[in-house]
Amino acid sequence: MSGIIVFGAGGRAGRAAVHEALRRGHRVTAVVRDPAGHGDLAADGVRVVAGDVTDASGVTRLAEGHDAAISAVYDPGAAQDVFFADAARALLDGLTRAKVSRLLVVGLASVLETASGTLLMDTPGYPQEYRSFYLGHAAGNDVLRTATTALDWLVVSPAGDFDHGGTRTGRYRTAPAEATGRVSYADFAIALLDEIDAPKHHRTHLGVEGG
């Protein structure tokens with residue numbers, strides 16, 4: 001059994017990761033803004049705590065004693081280009097000091113390369129109204145890519161988008177960005193936990209879709 005800490009555990013991807021980790025017998029800490037609103041997670045045997053993913057010292061304090069971390073964070077009230085970069089820096093610093101060896105970040109397909117090598121957000125016809133959000137994720141990824149750290153990180157995103165009504169099939173495959181690609185939250189969580197239990201990809205952005 002490993003200790004896994006999930007930042008952003010209150011969102012759909014974070015919750016799916018918590019449930020998959022529990023299913024595999026891991027000890028789980030869920031980091032949320034307000035623990036009082038997530039009593040259901042505590043009822044499942046999860047340690048639920050308040051935390052700020054942009055606070056490196058807080059990350060260290062919460063992550064000590066864990067083997068791996070998952071970040072599935074989003075702050076709608078923050079400037080996205082600042083938030084994701086600050087979160088990446090704090091996780092790199094805080095987790096390293098806490099001696100956590102593996103970080104999985106839930107990323108965005110928009111900044112994943114297609115089969116031709118073009119970022120999905122730059123392909124013809126791709127929606128641009130949320131481009132600042134895409135660029136925020138890109139800024140966070142850039143912090144990870146340029147860091148000089150021993151922390152073994154991996155960004156994982158849907159190849160296209162989540163299948164919001166999809167169920168757990170137990171199947172997924174890695175794939176380049178493709179706008180029509182879909183994966184359920186539960187199957188996405190399987191991909192995350194597989195990369196914790198038996199890491200195969202390192203220091204890159206990986207896309208997954210339903211198998």
Side-chain angles (χ1 to χ4, degrees), residues 1-100 102-108 130 132-134 136-137 139-141 143-144 151 153 155-158 161-166 168 184-186 188-190 192-193 196:
M1 180 177 72
S2 297
I4 298 174
I5 184 167
V6 181
F7 294 88
R12 284 174 289 186
R15 279 178 171 271
V18 167
H19 292 147
E20 182 62 25
L22 289 174
R23 181 179 174 276
R24 299 184 185 207
H26 294 297
R27 172 175 53 87
V28 183
T29 296
V31 183
V32 297
R33 290 190 184 91
D34 180 13
H38 301 282
D40 59 321
L41 290 178
D44 289 334
V46 177
R47 177 176 173 244
V48 183
V49 298
D52 178 1
V53 74
T54 64
D55 174 13
S57 295
V59 169
T60 299
R61 175 177 54 82
L62 294 174
E64 285 179 341
H66 295 80
D67 303 289
I70 295 171
S71 176
V73 297
Y74 170 56
D75 184 351
Q80 300 307 305
D81 57 334
V82 175
F83 172 73
F84 287 108
D86 283 353
R89 293 188 191 95
L91 287 166
L92 288 168
D93 183 10
L95 294 176
T96 298
R97 285 191 278 160
K99 296 181 171 55
V100 173
R102 182 77 161 155
L103 167 64
L104 276 291
V105 175
V106 177
L108 195 68
Y130 301 110
S132 62
F133 180 63
Y134 311 157
H137 270 275
N141 289 2
V143 169
L144 296 173
L151 181 66
W153 59 267
V155 177
V156 184
S157 76
D161 198 359
F162 286 108
D163 177 358
H164 298 286
R168 188 182 196 277
S184 70
Y185 284 100
F188 183 79
I190 293 173
L192 290 177
L193 269 295
I196 288 176

* Classify the ring geometry between His137 and Phe133 as parallel (under 30°), tilted (30 to 60°) or perpendicular (over 60°). => perpendicular
> Going by heavy atoms in the side chains, are Arg23 and Arg168 under 4.5 Å from each other?
Replying inline: yes
Is there side-chain contact between Ile4 and Ile70, with at least one heavy-atom pair below 4.5 Å? yes
Exercise. For residues Arg15 and Leu41, determine if any side-chain heavy atom of one lies less than 4.5 Å from a side-chain heavy atom of the other.
Key: yes
Hey, does His66 have a side-chain heavy atom less than 4.5 Å from the side chain of Arg27?
-> yes
Checking Val28, Val6, Asp40, Thr29 against Val46 for side chain to side chain contact (heavy atoms under 4.5 Å, CB included), the one that qualifies is Val28
- With distance as the sole test, does Glu64 use its side chain to make a donor-acceptor pair with the main-chain N or O of Leu62 at under 3.5 Å? no
Quick check: do Leu91 and Phe7 have side-chain heavy atoms less than 4.5 Å from each other?
yes
*Does some side-chain heavy atom of Val73 sit less than 4.5 Å from a side-chain heavy atom of Asp75?*
no
Q: Compare all side-chain heavy atoms of His26 with those of Leu193 and state whether any distance is below 4.5 angstrom.
A: yes
Residues at least two apart in sequence or cross-chain that pass side-chain contact (heavy atoms from CB on, under 4.5 Å) with Thr54, listed by chain then number, are Asp52, Phe83, Asp86, Ala87
Q: Report yes if the side chains of Ile196 and Asp67 come closer than 4.5 Å at any heavy-atom pair, otherwise no.
A: no
Checklist entry - So, does Asp34 use its side chain to make a donor-acceptor pair with the main chain of Ala36 at under 3.5 Å? => result yes
